Amino acid sequence: MISWTLGEVFTESIMRSNVVRFSQGFNQPFTISTSGILNVKGDNLTFTAGPNPVVDELYISVSGSRSTAWSLYDLQGRMLDSGELTDTQAVISFSDKNAGEYVLRIKNEAGSRSVLIIKK
C-alpha cells in the first residue's frame, strides 16, 4: 500500500509584517492499493490476483498451463488455506476471514511469488 500527500489545503493564512506569511492547513492523504506484480529477473511466473482489496472472493489467474499451487498466510506466517489452480484459475473465499492483511503465495515450475492481499 502506498500513502502520500499532494500539497496542503490552506484553511487559514496569517500575515505578519509585510514579509512573512504563515499558513495553517491539513494534509489530504491519498491511499492507493494495488496488486501489481513486479517481474523478477529469471522468473517467468506471471499471475493476477484481484480484486485487491477483497471483500468476499479473490480471483487468481496464472498465464500458461502449468501445475500451480497457492497458499494463503496471515502476517504471523500461519498457513490459513491452500490449493491447486485448475485450468490456470482459482477462486479463494475470504467471506470467513477477518478484515486485515494476508499474504498469497503462488508457486509453479516457472517460479514463486508472494503478494499482499487486503481484506475489507
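From a predicted model like this one, the values you see are computed outputs, not experimental measurements. All values below were derived from every heavy atom in this structure, side-chain atoms included, with hydrogens, water molecules and symmetry-related copies excluded.
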Nearest 0.5 Å, please: how far is [atom2] in [Y] from [atom1] in [X]?
| X | Y | atom1 | atom2 | value |
| --- | --- | --- | --- | --- |
| Lys120 | Asn52 | NZ | CG | 10.0 Å |
| Ile117 | Ile92 | CD1 | CD1 | 7.5 Å |
| Ser82 | Leu72 | OG | CG | 9.5 Å |
| Thr46 | Arg113 | OG1 | CZ | 6.5 Å |
| Phe94 | Leu80 | CZ | CG | 8.5 Å |
| Thr48 | Leu58 | OG1 | CG | 9.0 Å |

Is any side-chain heavy atom of [X] less than 4.5 Å from a side-chain heavy atom of [Y]?
| X | Y | result |
| --- | --- | --- |
| Val62 | Ile106 | yes |
| Leu116 | Leu75 | yes |
| Ile60 | Leu85 | yes |

### Query
Does Lys97 NZ have over 12 foreign heavy atoms under 6.0 Å away?
yes
At their closest point, which heavy atom of [X] faces which heavy atom of [Y], and how far apart are they?
| X | Y | value |
| --- | --- | --- |
| Val103 | Ser114 | CG1-CB, 4.0 Å |
| Arg105 | Tyr73 | CB-CE1, 4.1 Å |
| Trp70 | Glu84 | NE1-N, 3.8 Å |

Notebook entry, point to check: In terms of hydrophobic clustering (I, L, V, M, F, W, Y; side-chain heavy atoms under 4.5 Å; direct or indirect links), are Val54 and Val91 co-clustered?
Noted result: no
Practice task
Mark yes or no for whether Lys119, through its side chain, and Val55, through its backbone, hold a donor-acceptor pair below 3.5 Å.
Solution key: yes
Across all chains, not counting sequence neighbours, the side chain to side chain contact (heavy atoms under 4.5 Å, CB included) partners of Gln89 are Ser61
